[in-house]
S.K.: 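Have a look at this one before I ask anything.
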Amino acid sequence: VEAGLEIDVGSLYLFRGLVYSAGPVTQSKAWASWGGLDVYGWTNVAMPAAPGARTLDEVDTGASFAIERKGFAAVTSLDVYLYRLSGAERASGAPAHTIEASLALSYTRGHTTVAAKQIADAGSYRGARFAQLGASHTRALTPRVDLEVTALVGWASRRFTRAYIGPDLAGAGGHRH
């Protein structure tokens, strides 16, 4: 059994290419692994500029199972997202949670990896889908320093776009998921 705790400080909350915060955030993650099974808990805490502003706005939890053989990997996941909504968001009927299931496949040969991931919402945004396809290459620059180059492209279903961005794409920066 392995376990860990990670704490990150970022200038913004950025997820799947969308910005979900107006400023800096602290993101904490606790995880445990046994064999191919991983479980985690994650939080997003905004570092507000104004006294009394909302801080903890998201708590996530999930589990995944990975199978790896001869450079190939397959990972299935189930993630639960819990959101702390503002009064206006609650009044508009925005969901306070959702659930996503995903499948990720990858192949690594030497220092190069090609990967694909498909995510489907099974909760509040049932039918919303998001997918990614990417490749990465790592090269050792020194015994202690590596350089990694990654190319990644993602695409989403219309339902995902409407749920996470909204019908007016110009409003993407301020819309919560």
Side-chain angles (χ1 to χ4, degrees), residues 6 8-29 31 33 36-40 42-44 46 57-58 60-83 94-95 97-141 145-177:
E6 303 168 20
D8 297 319
V9 177
S11 58
L12 291 171
Y13 176 10
L14 183 67
F15 182 59
R16 296 182 183 149
L18 302 174
V19 175
Y20 290 105
S21 71
V25 295
T26 300
Q27 298 174 332
S28 304
K29 182 177 184 179
W31 55 269
S33 299
L37 177 66
D38 294 323
V39 294
Y40 77 93
W42 180 90
T43 63
N44 184 74
D57 63 357
E58 186 173 340
D60 303 342
T61 187
S64 64
F65 186 74
I67 298 172
E68 298 179 23
R69 300 282 186 270
K70 298 182 181 181
F72 289 95
V75 181
T76 58
S77 300
L78 186 66
D79 300 292
V80 178
Y81 301 98
L82 306 168
Y83 313 120
H97 68 280
T98 196
I99 300 168
E100 291 182 348
S102 65
L103 173 64
L105 303 172
S106 66
Y107 176 71
T108 301
R109 184 170 181 187
H111 300 286
T112 303
T113 300
V114 177
K117 185 173 186 177
Q118 175 71 48
I119 301 160
D121 194 293
S124 299
Y125 306 114
R126 189 175 304 269
R129 295 178 316 282
F130 180 80
Q132 295 176 318
L133 179 63
S136 66
H137 180 77
T138 305
R139 180 178 178 165
L141 297 178
V145 177
D146 290 341
L147 172 66
E148 182 176 355
V149 177
T150 301
L152 183 67
V153 63
W155 59 95
S157 67
R158 176 174 283 156
R159 177 129 171 87
F160 178 95
T161 303
R162 286 186 177 153
Y164 285 80
I165 299 174
D168 178 10
L169 294 179
H175 186 74
R176 285 188 43 91
H177 55 274

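Here the structure is a predicted model, which is why all the values come from computation and not from measurement.
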S.K.: Supply the atom-to-atom distance Thr161 OG1 to Trp155 CH2, rounded to the nearest 0.5 angstrom.
M.R.: 13.0 Å
S.K.: With Ser28, which residues qualify under side-chain contact (heavy atoms from CB on, under 4.5 Å), at least two apart?
M.R.: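 Here the qualifying residues are Ile7, Thr26, Thr43.
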S.K.: Which residues pass the side-chain contact (heavy atoms from CB on, under 4.5 Å) test with Leu14, not counting sequence neighbours?
M.R.: Val19
S.K.: Does any part of the side chain of Lys29, heavy atoms only, come nearer than 4.5 Å to the side chain of Trp42, both counted from C-beta?
M.R.: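 Yes, close enough: below the 4.5 Å cut-off.
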S.K.: Report all side-chain donor-acceptor pairs from residues 63-79 shorter than 3.5 Å, counting only partners two or more places apart or in another chain.
M.R.:
from: Asp79; atom 1: OD1; to: Tyr40; atom 2: OH; distance (Å): 2.7

S.K.: Under 3.5 Å, is there a donor on one side chain and an acceptor on the other for Glu58 and Tyr20?
M.R.: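 Side-chain D/A pair, Glu58 to Tyr20: absent.
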S.K.: Among all residues two or more places apart in sequence or in another chain, which pass the side-chain hydrogen bond (donor to acceptor under 3.5 Å, both in side chains) test with Glu6?
M.R.: Trp31
S.K.: Working to the nearest 0.5 angstrom, can you tell me the gap between Leu141 CG and Glu148 CD?
M.R.: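 If I round to the nearest 0.5 Å, the distance is 11.5 Å.
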S.K.: Tell me every residue that passes side-chain contact (heavy atoms from CB on, under 4.5 Å) with Arg159, counting only those two or more places apart in sequence or in another chain.
M.R.: Ala128, Ser157
S.K.: Do any pairs count as a side-chain hydrogen bond (donor to acceptor under 3.5 Å, both in side chains) and have a residue in residues 105-115, sequence neighbours left out, and if so which ones?
M.R.: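 Output for this query lists Thr108-Thr113, Thr112-His137.
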S.K.: Please check: side-chain N/O of Arg162 versus main-chain N/O of Phe160, any donor-acceptor pairing under 3.5 Å?
M.R.: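 No; judged by distance alone, with no hydrogens or angles, the pair does not exist.
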S.K.: Check side-chain hydrogen bond (donor to acceptor under 3.5 Å, both in side chains) between Ser33 and all other residues, then give those that pass, not counting sequence neighbours.
M.R.: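 Only Asp38 meet the side-chain hydrogen bond (donor to acceptor under 3.5 Å, both in side chains) criterion with Ser33.
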S.K.: Side-chain polar contacts of residues 114-121 - donor-acceptor pairs under 3.5 angstrom, sequence neighbours left out - could you list them?
M.R.:
from: Asp121; atom 1: OD1; to: Thr98; atom 2: OG1; distance (Å): 2.9
from: Asp121; atom 1: OD1; to: Gly123; atom 2: N; distance (Å): 2.7
from: Asp121; atom 1: OD1; to: Tyr125; atom 2: N; distance (Å): 3.2
from: Asp121; atom 1: OD2; to: Thr98; atom 2: OG1; distance (Å): 2.7

S.K.: Looking only at the side chains, is there a donor atom on one of Tyr81 and Glu100 sitting less than 3.5 Å from an acceptor on the other?
M.R.: yes
S.K.: Could you give the distance from CG (Leu82) to CG (Asp57), rounded to the nearest 0.5 Å?
M.R.: 12.0 Å
S.K.: Can you name the residues that form a side-chain hydrogen bond (donor to acceptor under 3.5 Å, both in side chains) with Gln132, not counting sequence neighbours?
M.R.: none
